[in-house]
Protein chains: 2
Amino acid sequence: MGILSARQIKVLQAVIGAYIHSGEPVGSRTLSRSSAFQLSPATLRNVMADLEDEGFLCQPHTSAGRIPTDQGFRFYVNNLAGMAAVSPAARLHVREHLEVVGGRLEEVLRDGVLTLAQLTPYVGIVSLPDFRQMIIRHIRFVKLHERRILAVVVSVSGAVQNVLFDSDTNLTQDQLNHSSNYLNALLGDLTLSGIKRKVLQEMASDKRGYDELFKQVLALSKSFFAKDPEQQSDVMLDGKLNLLEHPEFADVERMKNIFRAFEEKGSILKILDGALSGEQLRVIIGSESCCEDMRHCSLVTAEYGREDRTLGQIGVIGPTRMDYSRIIPLVNYIADAMSRRLQN
Amino acid sequence: MGILSARQIKVLQAVIGAYIHSGEPVGSRTLSRSSAFQLSPATLRNVMADLEDEGFLCQPHTSAGRIPTDQGFRFYVNNLAGMAAVSPAARLHVREHLEVVGGRLEEVLRDGVLTLAQLTPYVGIVSLPDFRQMIIRHIRFVKLHERRILAVVVSVSGAVQNVLFDSDTNLTQDQLNHSSNYLNALLGDLTLSGIKRKVLQEMASDKRGYDELFKQVLALSKSFFAKDPEQQSDVMLDGKLNLLEHPEFADVERMKNIFRAFEEKGSILKILDGALSGEQLRVIIGSESCCEDMRHCSLVTAEYGREDRTLGQIGVIGPTRMDYSRIIPLVNYIADAMSRRLQN
DNA sequence: CGCTGGCACTCAAACTAAAAGAGTGCTAAC
DNA sequence: GTTAGCACTCTTTTAGTTTGAGTGCCAGCG
């Protein structure tokens, strides 16, 4: 596992390039013919054998060409892949479909993931922000029926969450309105749990005395916060059909695995959140995801959010044989466009 | 195309039963051996040839056994399929997962479709009610930002819809509350469009004079109703993976077609709404759906709703070779359970 | 020492041939 | 009306063969 020579790198790049293009194992002869090497197949064979020893290439079976390993792709992505500019057509598409005005958070995300599914032959994916980490702008209570109450919680980023709960006492809508007003006056750059804490504090400090309205708000908040908003986090997918077009998924068994992973979104979420370590862009190649079902897939994701605050990840899932040099800039571009739109 | 003799019917039933069981074309010998016929293969061959002439059976190729045509299945479902009782295990599952308390409409539907996906090896499907046809219980306005307003519309059946719109004037939350109260006082067993009409009428009749609040409500309603709630109708699916287990979908091409139909939900919706003609239960077999992609699938759906009012359809999608005598009662049972739960 | 041509070898895929198996249609006889 | 028998069809399976792409290694060359 020494360092790679310049020539080895050049060969590795050529092999991966050819493989990304064709999907077929690439052999020494093809390589010798096609590219800028002035080397004979035999020489290339030697180089490729070395690269295999180092773990960058492998063979599906003796006497087939070489295909890149996950490690090979990793090296390629980190060091070799020249990043293509986002095509004018893609820019136009984004301008028309993504860079429009406002809308609820969920709609913005849907637009983003749809755009990715349309601009790439892969699956668009976006993780919905954890509502519990969002800064709340509004809480309104709506009386539904007797003590049954609907709380409408709106975050600054435009996410709307409806929470259904039962109050201890039977309040009128007017009383609920007053409570809402009271609570909203308290709000300020806090998340749901922050608000909860603040309300508890106020209760403890008792500084407002035993004002009737205050007691009402307290009781209400208690019932409300007892019921944690359920949808803690989620992902949205689009363009699953795109995957069916790739030859590597013609195998039914492999297909099943991936669709299973899609259906139980938990595992994908785990991958996405796996390294929240704050890199703006992440590429997860094959088995790096540690998810058996996704062994043959790569993810390219970028963070989106408002200013300092990261809301979630958006990107694509495709075969490990992915056109990284086109996809990486594109995902970046779209994450930016979405973040800009969320600024409003 | 004469009428079928008793014996022909008995043979048809046996063939379809065997085919549903095995998924393989069934030949005369198998039939003769297995079942209660005292007939030789040769005789059965004659009968089967007749049934083929009548269009109830067909052969994948000369010298294969017979498989039922869509018409054959149709006859079977209409006349032959004995309806099995819903199994105790299924009843228990429904009791535990579906017959629980309340929840928003969407959650109830999700529970229903999930239950179907778990109790059958097919895809659970439910059509969301068209919000525009629902009777509205509440409308509340929430001020988001300047003139940007969120309307929370709640139907009697517990569906909640959030509509984002811009008001012409900049109102305070208190003003919005008053407008909400005013509007809700007007409400009574009306759909959204009914309310819209009523508001317009009030406006025309002018009987309230030029009261300030009234003018406010009018202006607000105008902006609100200008923006039709978008999600006009939709379907929810669950258990797509189940389909992958069936041998008839091992063919990748066929799979692709069906998943395409799933992805663009419009076509499925069209099938579901196709015959809203008010039968409580519907079975759509293969090409009867008039959807090329769904040629190899059957749908079994039942209406669900509250009392007199139908809200939508719930059921399953599976291969035409479906265990109708088990599925039909089950779908019925679950639609009933859901309807009961929605009563509250 | 690095590069190359040559050669033996491996393995998957494609093709061919043959055989097996399931099932049919038809006819003649019961 | 029913059945046994037979010839025929067509798929599936198996085995064997060929082809082609590719490798590894070695010996020789610059």
Side-chain angles (χ1 to χ4, degrees), chain A residues 2-12 14-16 18-19 21-69 72 247-248 250-251, chain B residues 2-12 14-16 18-19 21-69 72 247-248 250-251:
Chain A
I3 207 154
L4 296 184
S5 74
R7 190 168 71 177
Q8 281 177 317
I9 289 179
K10 212 170 146 201
V11 170
L12 180 58
V15 171
I16 295 183
Y19 181 68
H21 189 76
S22 73
E24 306 275 286
V26 1
S28 56
R29 168 142 357 147
T30 333
L31 216 53
S32 157
R33 252 200 306 266
S34 74
S35 69
F37 297 109
Q38 299 299 43
L39 301 175
S40 77
T43 311
L44 289 170
R45 277 203 284 280
N46 290 331
V47 179
M48 286 161 91
D50 291 348
L51 285 169
E52 180 164 1
D53 288 343
E54 303 285 345
F56 294 98
L57 297 178
C58 68
Q59 300 176 270
H61 54 86
T62 355
S63 102
R66 303 305 208 289
I67 62 178
T69 59
E248 33 262 272
D251 175 35
Chain B
I3 207 153
L4 296 183
S5 74
R7 189 167 72 178
Q8 282 176 317
I9 289 178
K10 211 170 147 202
V11 170
L12 180 58
V15 171
I16 295 183
Y19 180 68
H21 189 76
S22 74
E24 306 275 283
V26 0
S28 57
R29 172 146 348 150
T30 333
L31 216 53
S32 157
R33 253 201 306 267
S34 74
S35 70
F37 297 110
Q38 300 299 42
L39 302 175
S40 75
T43 311
L44 289 170
R45 277 203 285 280
N46 291 331
V47 179
M48 286 161 89
D50 292 347
L51 284 170
E52 180 163 3
D53 289 343
E54 303 285 345
F56 294 99
L57 298 177
C58 67
Q59 298 176 274
H61 54 85
T62 357
S63 103
R66 304 301 208 292
I67 63 178
T69 59
E248 34 262 273
D251 175 35

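These numbers were taken from a predicted model, which means no experiment stands behind them. Heavy atoms only: backbone and side chains are in, while hydrogens, waters and symmetry mates are out.
For the OP1/OP2 pair of C:dA12 and a distance below 4.0 Å, the side-chain nitrogens and oxygens of A:Ser63 include no atom meeting the criterion. Considering only side-chain N and O atoms, B:Ser28 lies under 4.0 angstrom from the phosphate OP1 or OP2 of C:dT24. For B:Arg66, no side-chain nitrogen or oxygen approaches OP1 or OP2 of C:dA22 to under 4.0 Å.
Counting non-hydrogen atoms under 4.0 angstrom, B:Thr62 reaches the backbone sugars and phosphates but no base. Among the heavy atoms of the strands lying under 4.0 Å from A:Ala42 is at least one base atom, whether or not backbone atoms are also near.
For B:Leu57 and C:dG23, the CG to C1' distance is 14 Å, given to the nearest whole Å. When rounded to the nearest whole Å, the span between CD of A:Gln8 and P of C:dC3 equals 11 Å. Rounded to an integer number of Å, the gap from CG of A:Asp50 to P of C:dC3 is 11 Å. In this structure, CD of B:Glu52 is placed 10 Å from P of C:dT24, rounded to the nearest angstrom. Counting to the nearest Å, the P atom of C:dC11 and the CD atom of A:Gln59 are 11 Å from each other. Rounded to whole Å, atom P of C:dA22 lies 14 Å from atom CZ of B:Arg45. Distance, B:Arg29 CZ to C:dG25 P: 14 Å, rounded to whole Å.
DNA chain D is contacted by both B:Thr43 and A:Pro25; B:Thr43 maps to the nucleotide lying nearer its 5′ end (nearest heavy atom per residue).
For the side-chain contact (heavy atoms from CB on, under 4.5 Å) with B:Leu57, the lone residue among B:Leu12, B:Thr69, B:Ile67 that qualifies is B:Leu12.
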Practice item. For B:Leu39 and B:Arg7, run side chain to side chain contact (heavy atoms under 4.5 Å, CB included): C-alpha distance rounded to whole Å, both residues' side-chain angles, the deciding distance at 0.1 Å, then the answer. Key: CA-CA 11 Å; B:Leu39 302 175; B:Arg7 189 167 72 178; 3.7 Å; yes
Exercise for review: Please assess B:Val15 against B:Phe56 for the test side chain to side chain contact (heavy atoms under 4.5 Å, CB included), listing each intermediate value before the final yes or no.
Suggested key: CA-CA 10 Å; B:Val15 171; B:Phe56 294 99; over 6 Å; no
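Interatomic distance, B:Leu31 CG to B:Met48 CE, rounded to the nearest 0.5 Å: 5.5 Å. For the atom pair B:Glu52 CD and B:Arg45 CZ, the distance stands at 13.5 Å (nearest 0.5 Å). Atom-to-atom distance recorded for B:His61:NE2 and B:Gln59:CD is 8.5 Å, nearest 0.5 angstrom.
Using a 4.0 Å cutoff to heavy atoms of chain B, the contacted part of DNA chain D runs 5' to 3' from D:dT2 to D:dT11.
At least one donor-acceptor pair under 3.5 Å links the side chain of B:Ser22 to the backbone N or O of B:Ala18.
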